[in-house]
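Note sheet for the following structure.
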Amino acid sequence: DIALYEAKGAGRNRYAEFRHEMHIAAHERLELESDLRSALARSELFLVYQPIISFQTGEVPAAEALLRWQHPTRGLIPPAEFIALAEESGVIVDIGAWVLETACEQAAQWLDAGTPIRISVNVSARQLDDPGLTRTVASALRRSGLDPDLLSLEITETALMRDAESAAATLRELRASGVRIAIDDFGTGYSSLAYLQQFPVNALKIDRTFISACDTHDPLIATLVQLGRSLGLVTIAEGVEDETQLERLRELGCDHGQGYLFAPPLEVAALERLLAEHSPA
Ligand code: C2E
Ligand code: CA
Ligand code: CA
Ligand code: CA
């Protein structure tokens, strides 16, 4: 039957096409991975900083450092397109050390300039597993001279729960050195309340997915804020984009917020202009 034969043929073609695409994808991956290894040495990585706003005072107590990659031929690559790759290949450990050093140096400069803000740095699961993490953090603090209290490490709930016992031990060591800990993307993973109490953390960052669908998730947001408050933690809302969300978060007693309503991640000069405008007279 001709029709059947054609269908089979088309199927075969699609399969060949699919294999070809997979081949390109694998090749691109390898290329990107090798580019990423040299990105650090070629100074193609840089940090942008997103202000975190106090709902009570409107001031900027902190900023989150976010990684960007200026690729020589592909242009600006967002972290969503390379962090996972950096994790899988392990190169995130070196990149993460660079992020810590750069962010601490920047925060020390802001402190010197009379605009003390806490710097928040993302730490991935792979970095948390690395036995050298506490040493890397200590070295970034020592080199920059930054007060450890001005450094906050953001660790996702999922990374913490992969091996909760060992994560708790690492967090205790980090806390003992004076740095702060925030649980990132809070509410998206499976964390048991028993563990949450055992983790020596200072802040909870409520994930953007809840804030962006503020209406549907209202009871959940209320619960997360309440949970943070009852544990004596600072609560921070991610991805605040409009006034309605801001009003509701204020009512619920959420402490801080971060999002396009206030500012996107900014280059250093732009953040400094914003700090000058927002600093108390
Ligand atoms: P994250 O830690 O949850 O960071 C917040 C992300 O939300 C950032 O995306 C930020 O630009 C974005 N964002 C902030 N406000 C808004 C808003 O109002 N609306 C929307 N739609 N988005 C908003 P970005 O910079 O693309 O980073 C994505 C993720 O990449 C981060 O998610 C973090 O998991 C990872 N990442 C970024 N920098 C680093 C780093 O230095 N180290 C590690 N390990 N991961 C990093
Ligand atoms: Ca984060
Ligand atoms: Ca987050
Ligand atoms: Ca998030």
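A quick note: this is a predicted structure, and the numbers were derived from the prediction, not measured. Values below: every heavy atom of this structure, side chains too, minus hydrogens, waters and symmetry copies. Just so you know, ligand 1 is whichever comes first in the structure, and atom 1 is the first atom listed for that ligand.
At a heavy-atom distance under 4.0 Å, atoms from both the backbone and the side chain of Asn122 approach ligand 1. At a heavy-atom distance under 4.0 Å, only side-chain atoms of Arg68, from C-beta outward, approach ligand 1. At a heavy-atom distance under 4.0 Å, no atom of Ile95 approaches ligand 1. By the criterion of a heavy-atom distance under 4.0 Å, the backbone of Val240, and not its side chain, is placed next to ligand 1.
Cluster annotation: Val48 is not connected to Val99 through the hydrophobic network of ILVMFWY side chains, with a link wherever side-chain heavy atoms come within less than 4.5 Å.
Side-chain contact, Ser139 with Thr136: no donor N or O sits under 3.5 Å from an acceptor N or O. Side-chain contact, Glu87 with Ser124: a donor N or O sits under 3.5 Å from an acceptor N or O.
Of the listed options Arg208, Glu241, Gln258, Glu241 places a heavy atom closest to atom 19 (N) of ligand 1. Among Ile83, Leu100, Ile155, the residue whose heavy atom sits closest to atom 45 (N) of ligand 1 is Ile83. The option with the heavy atom closest to atom 27 (O) of ligand 1, from among Ala263, Pro79, Ala65, is Pro79.
Each protein N, O or S atom less than 3.0 Å from the Ca ion (ligand 2) was counted, giving 4.
Ring centroids of Trp98 and Phe46 are separated by 6.0 Å or more, keeping the two rings apart.
Screening residues 164-182 for salt bridge (Lys or Arg N to Asp or Glu O under 4.0 Å) gives Asp149-Arg180 as the qualifying pairs, with residues at least two apart or on separate chains.
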